[in-house]
Each structure stands twice: as C-alpha cells, then as structure tokens.
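Take a look at the structure below.
If you're wondering where the values come from, they're calculated on a predicted model, not measured in any experiment. Hydrogens, waters and symmetry mates are skipped; everything else that's a heavy atom, side chains included, is used.
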Amino acid sequence: MNSEFQREKNRLESVMEIIQERVSLLEEETLHRRNEVVHIRKHFGEEIKVNMDSFDDFLETIIGLRQETQALSVSQSTHRHASKRLSTLRRMQEVPYFGRIDFIEEGTSTQEHVYIGISTLTDETGDHFLIYDWRAPVSSVYYDYQPGPAMYSTPGGTVQGKLEKKWQYLIRGGVLQSMFDTSLTIGDEILQQVLGKGTDKHMHNIVATIQQEQNQIIRHDCRRLLIVHGAAGSGKTSAALQRIAYLLYKYRDRLKADQIILFSPNSMFNNYVSNVLPELGEENMQQVTFQEYLDHRLSKEFQVEHPYEQLEYVLTEANTPSYRARVAGIRFKASIRFFEAMESYRKSLELSGMLFKDIIFRGMPLITSKQIAERFYNSDTSLSFYNRLEKLKDWLIKELNEVEKVERTKPWVQEAMELLSNEEYHQAHTYLAKKRGFKREEIADYEIEPELLARLIVHRKWKPLRKRVRDFDFIDMKRIYKQLFTNPHQIKQWMEGETPAEWAEICQATLDFLDDGKLSYEDATPFLLMKELIQGFQTSGSIKHILVDEAQDYSPFQFEFLKRLFPSAKMTVLGDFNQAIFAHAGEMDDFHTLMSLYGPDKTEIINMTRSYRSTKPIIEFTRRLVSNGDRIIPFERDGEQPLLTQFPDYEELHRSILSKVTALRSHYNSIAIICKSAEESQLAYEALSNIDDIKLIMKGTLEYEQGVVVIPSYLSKGIEFDAVIIYNASEHVYNDESLRRMFYTACTRAMHDLHLYSVGEPTSLLQHALREGFIQTGL
C-alpha cells in the first residue's frame with residue numbers, strides 16, 4: 001500500500017504541475033483578452049469614417065460598424081471562455097480529482113486508469129486524458145458499479161467491460177492525504193468525513209460522494225417529467241442541481257444555462273444553492289420563486305397575498321369565525337376540479353358573459369363597454385375565441401383613429417397648444433420640421449403649422465389609449481373573475497361533483513378581497529389562468545427545462561398552469577410529502593397525481609429513501625414522527641440522541657436556550673432556533689436578544705447567514721443546520737394532527753444535534769418516539 005500511495009502521490013504532483021502551467025498561461029491570456037475588449041470598446045468606431053453622402057458610402061459605414069461589432073463579440077466570447085476555464089482550473093488546484101476506476105474494455109486486455117474530477121484535463125497533445133469530467137459517460141461506472149461486470153452508454157453505443165478496482169482519494173489543497181480501495185458504491189470513509197463536517201452558508205456540489213440512486217437522477221434523460229420523491233436529507237436537491245450541470249455538459253451545443261429555470265421555495269434558498277453550478281464550472285440557471293412570477297404578472301392590478309402570509313393565517317388564526325371557510329377555499333381552489341371548472345367557464349364566455357371596460361378620455365367614454373360587447377357577440381362567431389378578440393382589438397383601434405380625427409378640432413386642443421412650455425414647443429417644432437423633410441441646418445426656418453401641431457398633441461394623448469387596447473386592457477378581467485363567485489349556485493354548470501359545504505362563504509370572502517383590490521394567494525394562479533385563457537398564454541418557448549423544488553408545496557392547479565406556461569420544457573420535480581405544510585397539500589397526497597400532466601409513458605418517479613443529512617439517532621427519531629417513516633433508511637453516522645426538556649414557564653425556557661446556545665457555539669457554525677410561525681419567531685427573537693449576534697430570519701430575508709438564527713419552520717425547508725433547537729414543542733403550540741408535517745420538517749433540519757424544548761406538556765406528536773425510547777427526556 002505504501003508503494004501504491006507513493007506512486008499516486010507522484011502522479012498527483014505531476015498533474016498539479018500541469019494544472020499550474022495551464023493556470024499561468026490562462027492568466028496571461030485572460031489579461032490579454034480583457035485588455036483587448038477594453039481597447040475595442042474604448043476606440044469603437046474611431047477607425048470608421050462615417051459617411052452618408054451616397055448609398056455606397058452608407059453601405060461602407062454599415063459594413064465597417066458590423067466588422068467592429070463582430071470583432072468585439074469574438075473578443076468578449078474568447079475572454080469569457082478563458083475566464084471560465086481559468087476559474088475551473090483554480091478549483092482543480094484544490095481537488096484535481098477524487099476517484100479512479102480501473103476498467104478493462106471488452107475485447108481488450110489493457111487496463112485503463114480513469115481518474116475522475118470536476119472537469120476534464122488532458123496532456124499537452126490533447127490525446128490522453130489525465131482526468132475525466134464526472135459527467136463523462138465512462139465516469140458513470142464509478143457511481144453505479146461495484147468491481148465486476150460493468151457498462152456505460154456513449155453516443156456510439158454501449159461499452160461493456162470489467163471494473164477491476166475502484167479508488168477514492170482524499171485530496172486537500174492539492175495534497176494527497178489518503179486513498180481507499182473500495183468495493184462499495186462510494187466508500188463510507190469519504191462520505192462520513194463530508195457529512196461530519198460543519199455546514200456552510202451555501203450548498204456545495206456532491207460530485208465526490210454521489211450515490212447510485214442520486215446518479216440515476218443526475219443522468220436520467222429519457223422522460224419529459226422526472227419526479228423525485230425523497231426523504232428529508234436524501235440529497236434530492238443536490239442531485240437535481242448536479243443533474244442540471246450534467247445536462248449542460250451533455251447538451252452544451254444546444255442547451256444554455258439561461259434556458260433553464262429553477263422554481264425555489266424562497267429567495268433565501270436561491271442564495272443558499274447559488275454556489276453549486278459555479279463550483280462545477282457552469283453558469284447559474286435562472287432562479288425565481290413562484291410568488292415572484294405572480295407578483296411580476298399581477299402586482300400592477302392587485303395587492304397579491306404572499307404564500308407565507310396565507311400560511312401564517314392557517315397557523316395562527318384557527319379560532320377565527322372565517323377560518324374553516326378560508327381553509328376549505330384554499331383546498332378547493334388548488335384542485336384539478338376547479339381548474340377544469342375555469343376552463344369550462346372560459347368556454348361559456350364564447351356565447352355570453354364577456355365583460356368590457358369603457359374606453360375613457362378626459363372623463364368621457366369614447367367607446368362604451370356595451371358597444372364593445374355588442375361588437376364582440378355580433379361579429380363572426382365562427383372564428384376562434386382568441387381570433388374574435390383580435391378582430392375586436394383591430395376594430396377598436398380603427399374606431400379610436402376615427403374619433404382622433406374629430407378630437408383635433410376640440411377646444412381643449414387649442415388650449416393645450418397655447419399652454420405648451422418653450423421646451424415642449426421647441427421639441428414639437430424640431431420633430432415636425434424633420435417629419436416635413438427639413439435638414440438640421442434648415443429647421444430654424446420651418447414655420448410650424450397649427451393643424452400639424454394639433455394632430456401631434458392629440459396623437460400623443462391617444463398613445464396610451466392605443467396601448468391599452470393592444471394590451472387587451474379593455475377586457476374587464478376583475479369583473480369576469482368575480483362572476484365566478486357572484487352567484488354561489490352557478491359554478492355547478494361548469495363542474496362535476498359537489499362544491500365545499502362552505503362555498504357560499506368562500507364566494508363572499510373572495511368578492512370582499514377583490515373589492516379591496518387584493519388577491520388571496522389561492523386566487524392568484526386561478527386569476528392569472530383566466531387571464532391567459534382569455535388573452536392567450538404568454539408562453540416561453542425558449543425555456544427548455546424547469547426544475548421545481550419543494551414540489552409538495554405546489555397545487556395540482558399550479559402544475560397544470562406551469563405545463564401550459566412552458567410548453568417546450570422538460571420538467572424535474574423534487575419533493576417530500578412528509579414536508580407538505582401548506583393547507584392545500586391534501587389535494588395531492590403523492591406525486592402519482594402528476595402522472596396526468598404528460599401521461600405515464602412520459603413520466604418517471606424515483607424514490608429516494610436513504611437519508612444522509614442527520615446522524616442515525618436523529619433520523620431514527622424523526623422517522624417516527626410520520627406514518628410512513630419505516631421507509632426512511634438512515635445512513636450509519638453516530639451521534640447523540642435527541643433530547644426533550646420540559647419547562648414550567650418561558651423564563652426558564654429562555655434561560656436554558658441561552659445556556660445551550662453558548663455550549664453549542666464551541667462546536668458548531670450554524671445553530672437554528674426553529675419556531676412554528678413568524679409570529680412565534682418574533683416573540684422568541686425579542687426574548688433571546690441577549691444572545692450575541694442572534695439573527696431573525698423572515699420571509700423577506702435574501703441571504704442565509706451562519707451563526708445563531710431564529711427562523712419559522714416553513715422558511716427552514718431545504719436548509720440544514722449543525723444544531724437545531726425546537727423552541728416550543730408543546731401540546732399548546734403543536735396541538736393538531738395537521739401540524740405533524742411541519743413539526744417533522746423542523747426536526748429534520750438538524751445534522752448533528754437536536755434539542756426539543758417544551759413549555760408545559762410536550763406535543764402528542766412525540767408519543768411514538770417517546771414510547772419506543774428514541775428521544776431522551778431531560779428535566
């Protein structure tokens with residue numbers, strides 16, 4: 001083993017020398033290219049003689065400008081690629097590779113040593129690979145096979161062979177610290193070391209520790225919809241991000257990072273995962289929350305409720321009279337039945353029910369809503385609904401043009417002409433002179449014509465009206481949506497089955513919200529769907545892949561909407577129904593509901609049951625909090641059993657938390673005090689403000705920071721902490737079965753240490769774990 005270790009050490013040193021040489025060369029090249037780009041930008045157009053005297057002179061000028069633009073584009077592209085490669089090589093100076101397979105291809109007797117790292121490295125000739133990219137076809141053998149028969153797929157077909165040995169390397173700072181000959185998928189030694197480390201403020205790539213089930217997700221490429229249902233801490237998000245890196249590598253000639261969108265649970269999570277793709281030498285994809293998309297589309301019309309505001313209502317307002325109706329409405333409006341009812345309702349608008357707005361100018365209607373409706377329903381009804389609206393729009397533009405001609409003679413126009421400031425008059429004078437063909441030096445001689453000035457003034461006033469018409473703003477979307485709820489009985493004509501028992505209350509509450517200029521979160525997607533069904537979907541054909549994380553928090557309604565929004569995209573969906581915390585979760589009990597999106601033949605579900613985040617004692621405890629916990633398999637990593645401590649009052653609770661945080665800080669970088677709601681988090685933060693540098697995480701927090709944080713349970717999703725303190729796991733706080741998943745979510749954030757505190761009697765959700773002895777009890 002010593003001689004083998006020395007040989008590997010010598011090889012690593014020679015590889016490090018080659019990487020250093022490449023780094024030095026690329027540093028020179030990037031500096032040269034950068035200077036070249038700066039020079040071109042600075043002197044852009046100086047060498048070109050701008051001459052417009054004749055068409056040939058004009059053409060020569062245009063060609064010259066185009067050539068300089070192309071030169072700048074080439075220099076920028078070359079600089080960008082060189083910088084990207086330099087960044088990758090600098091990361092490789094830390095860990096050039098992490099694994100090796102000894103593979104004999106079928107039909108040959110030569111054993112090939114395949115070293116695997118985050119990127120490819122060849123010798124000077126470019127013919128021999130010193131390191132293979134982890135995404136290369138042959139690298140899949142490292143993740144998928146134990147020594148023995150093995151195969152991998154290439155564009156040219158399947159390669160069969162024999163895996164002789166598999167090695168793992170622990171390299172830090174370019175120095176070989178240890179190596180393992182392993183017959184496991186990935187040796188526990190490396191994984192134990194990685195999982196035993198403290199957390200960071202960012203998620204990192206997992207290429208050195210990818211497991212076989214994770215590799216299956218990463219390289220999956222045969223179905224339109226991939227659904228990953230994974231236990232908390234199973235690495236599903238990490239694997240999905242590695243999957244994006246793999247797809248960008250495999251399809252680099254036709255898939256770019258800006259053609260991929262990640263829908264994430266919140267902005268803080270966006271920041272948390274922002275490091276993964278750059279670590280692998282790839283640009284970050286577009287990242288957005290579903291709420292940000294809704295705000296982008298609807299905030300000009302409504303004050304749109306945030307999903308966490310809805311969740312806070314569900315968590316804190318259970319005793320209010322309207323609570324049952326609101327929760328019933330949330331669930332119903334998230335359902336496929338409501339989606340289908342809205343499609344039927346839109347279909348019915350072809351015959352009647354379309355509502356329009358008056359087109360008003362200076363407080364008077366130019367074209368009334370009644371005139372618009374009559375035109376719509378009396379025009380060619382054989383055309384499609386959307387084409388009828390397009391023809392209506394053309395008619396309205398034509399009508400506006402006719403009214404505009406009459407408007408030029410109105411007294412207000414003469415008044416507006418007289419009230420023009422000197423600057424406004426000068427601008428109008430210059431504009432009209434150029435329109436009449438006057439050259440620059442002749443403009444001063446132009447005498448403005450009153451009729452043209454009147455026409456210009458009215459035309460500019462008419463511009464917003466035309467824009468409203470072109471944007472379909474003459475359709476009264478708010479009243480059309482309200483029509484669904486005006487009469488509680490009429491929805492039955494558009495849907496099968498029964499409405500909720502509280503439907504009349506739901507209708508009235510919806511109308512009250514809309515009348516106040518507000519849109520509840522459960523109404524936001526349905527309202528936007530109705531708008532799209534009427535005006536035509538604003539689809540994005542350029543997006544080729546969408547990634548939906550924490551997918552259990554999305555409703556069937558929202559998935560149907562995303563499908564129509566991105567008609568050309570493949571979809572990767574990640575989630576865990578044990579962490580489904582929103583009130584609409586009951587509308588989709590498992591991901592098999594999503595089979596109907598694209599059909600079973602275009603869908604694949606991968607279940608990830610092994611959990612890596614937490615120690616075995618923590619997982620043994622948390623798996624007893626949920627009904628299907630027996631399916632969760634803990635990774636063998638030792639640690640302390642979770643501890644439950646009961647206190648008589650909050651004063652004792654806060655004193656104990658302060659003491660515990662002080663003790664934990666000597667071992668850990670990140671400590672989370674997790675509360676049920678934002679309301680409870682605010683109270684806890686104020687009570688614990690004497691803890692040094694304690695931070696409060698709320699829905700508007702953009703960046704996750706390490707240290708001691710107080711955080712609502714729902715914002716902690718997707719993030720892991722070295723140690724977790726459940727602020728108050730009492731029956732008073734977690735007093736309902738509907739809170740089981742939220743409680744489970746909070747407890748599964750802990751990597752190494754979990755402490756549960758209770759003021760008064762502990763929650764009954766802990767009964768199973770207490771009965772079986774998987775949680776210690778303190779004072």
What are the two closest heavy atoms between [X] and [Y], and how far apart are they?
{"X": "L547", "Y": "A240", "result": "CD1-CB, 3.9 Å"}
{"X": "L349", "Y": "Y377", "result": "O-OH, 2.7 Å"}
{"X": "T237", "Y": "L574", "result": "CA-CD1, 4.1 Å"}
{"X": "V288", "Y": "Y293", "result": "CG2-N, 4.2 Å"}
{"X": "R326", "Y": "S520", "result": "NH2-CB, 4.0 Å"}
{"X": "L225", "Y": "V573", "result": "CD1-CG2, 3.8 Å"}

If only atom types and distance count, is the side chain of [X] paired as donor or acceptor with the main-chain N or O of [Y] below 3.5 Å?
{"X": "E720", "Y": "A750", "result": "no"}
{"X": "T748", "Y": "T745", "result": "yes"}
{"X": "Y323", "Y": "V314", "result": "yes"}
{"X": "S758", "Y": "Q646", "result": "no"}
{"X": "E505", "Y": "A325", "result": "no"}
{"X": "H654", "Y": "Y650", "result": "yes"}
{"X": "R613", "Y": "M751", "result": "no"}
{"X": "D358", "Y": "I360", "result": "no"}
{"X": "R337", "Y": "E498", "result": "yes"}
{"X": "Q579", "Y": "M742", "result": "no"}

- Task: Tell me, please, whether F485 has K333 positioned over its six-membered ring: NZ or CZ under 6.0 Å from the ring centre and within 45 degrees of its axis?
- Result: yes
- Item | Geometric cation-pi criterion, K563 with Y598: 6.0 Å, 45° |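 Output yes; distance and angle both within limits.
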- Sole residue of D476, T510, D515 in side chain to side chain donor-acceptor pair (under 3.5 Å) with K482: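 Only one of D476, T510, D515 forms a side chain to side chain donor-acceptor pair (under 3.5 Å) with K482, namely D515.
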- Query: Can you check side chain to side chain contact (heavy atoms under 4.5 Å, CB included) on L644 and L766, steps first, answer last?
  - Reply: CA-CA 10 Å; L644 169 65; L766 290 169; 4.0 Å; yes
Ring geometry between [Y] and [X] (parallel below 30°, tilted from 30 to 60°, perpendicular above 60°):
{"X": "F537", "Y": "F561", "answer": "tilted"}
{"X": "Y554", "Y": "F290", "answer": "perpendicular"}
{"X": "H229", "Y": "F577", "answer": "perpendicular"}

- Message: By the definition side chain to side chain contact (heavy atoms under 4.5 Å, CB included), identify the one residue from V708, V661, I694 that meets it with L688.
- Response: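 The option that passes is I694.
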Decide, yes or no, whether a salt bridge links [X] with [Y] under the criterion of side-chain N to carboxylate O below 4.0 Å.
{"X": "E343", "Y": "K347", "value": "no"}
{"X": "E350", "Y": "R346", "value": "yes"}
{"X": "E301", "Y": "K478", "value": "no"}
{"X": "K695", "Y": "D693", "value": "yes"}
{"X": "R655", "Y": "E652", "value": "yes"}

Rounded to the nearest 0.5 Å, what separation is found between the [atom1] atom of [X] and the [atom2] atom of [Y]?
{"X": "Y744", "Y": "I581", "atom1": "OH", "atom2": "CD1", "value": "13.5 Å"}
{"X": "R741", "Y": "D576", "atom1": "CZ", "atom2": "CG", "value": "9.0 Å"}
{"X": "Y308", "Y": "T289", "atom1": "OH", "atom2": "OG1", "value": "8.5 Å"}
{"X": "I673", "Y": "I726", "atom1": "CD1", "atom2": "CD1", "value": "10.5 Å"}
{"X": "D473", "Y": "I359", "atom1": "CG", "atom2": "CD1", "value": "9.5 Å"}
{"X": "R749", "Y": "T622", "atom1": "CZ", "atom2": "OG1", "value": "9.5 Å"}

- If you draw a 6.0 Å radius around CD in Q493, do more than 12 non-hydrogen atoms from other residues or ligands fall strictly inside?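 For Q493, atom CD is crowded (more than 12 foreign heavy atoms under 6.0 Å).
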- Message: A quick test of your reading: do over 12 heavy atoms of other residues, nucleotides or ligands sit less than 6.0 Å from CD of E686?
- Response: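 Yes, the 6.0 Å shell around CD holds more than 12 heavy atoms from other groups.
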- Item | From CA spacing to verdict: side chain to side chain contact (heavy atoms under 4.5 Å, CB included), T763, F743 | CA-CA 10 Å; T763 173; F743 187 64; 4.0 Å; yes
- Exactly one of F527, F332, W494, Y345 clears ring-ring contact (aromatic ring centres under 6.0 Å, His included) with F338, and that residue is F332
- F774 and F621: CA distance, side-chain angles, deciding distance, ring-ring contact (aromatic ring centres under 6.0 Å, His included) verdict: CA-CA 5 Å; F774 284 97; F621 160 67; 8.9 Å; no
Determine whether the side chains of [X] and [Y] contain a donor N or O and an acceptor N or O closer than 3.5 Å.
{"X": "E772", "Y": "H768", "answer": "yes"}
{"X": "Y313", "Y": "S322", "answer": "yes"}
{"X": "S764", "Y": "E731", "answer": "yes"}
{"X": "Q371", "Y": "T368", "answer": "yes"}
{"X": "Q310", "Y": "E522", "answer": "yes"}
{"X": "N728", "Y": "Y734", "answer": "no"}
{"X": "E560", "Y": "Q558", "answer": "no"}

- Query: Would a 4.5 Å heavy-atom cut-off, applied to side chains only, mark I632 and T609 as touching?
  - Reply: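 No, every pair of side-chain atoms sits at 4.5 Å or beyond.
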- Item | Side chains of C675 and P712 in contact at under 4.5 Å (non-hydrogen atoms) | no
- Could you list the residues that satisfy salt bridge (Lys or Arg N to Asp or Glu O under 4.0 Å) with R740, not counting sequence neighbours?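 Partners of R740 under the salt bridge (Lys or Arg N to Asp or Glu O under 4.0 Å) test: E737.
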- Item | Partners meeting ring pair (Phe, Tyr, Trp, His ring centres under 6.0 Å) with Y757 (sequence neighbours left out) |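 Testing Y757 for ring pair (Phe, Tyr, Trp, His ring centres under 6.0 Å), a comparison that skips the adjacent residues, returns F647.
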- Query: Can you list the steps and then say if S369 with L355 is a side chain to side chain contact (heavy atoms under 4.5 Å, CB included)?
  - Reply: CA-CA 7 Å; S369 59; L355 300 171; over 6 Å; no
- Query: Yes or no on salt bridge (Lys or Arg N to Asp or Glu O under 4.0 Å) for E532 and R564, after CA distance, side-chain angles and deciding distance?
  - Reply: CA-CA 10 Å; E532 304 285 62; R564 286 159 176 77; over 6 Å; no
- Message: For a ring-ring contact (aromatic ring centres under 6.0 Å, His included) check, start with the C-alpha distance between F376 and F385, then their side-chain angles and the critical distance, and finish with the verdict.
- Response: CA-CA 10 Å; F376 179 73; F385 183 78; 5.8 Å; yes
- Could you walk me through whether K717 and D553 pass the salt bridge (Lys or Arg N to Asp or Glu O under 4.0 Å) test, one step at a time? CA-CA 11 Å; K717 289 174 60 168; D553 294 340; 2.4 Å; yes
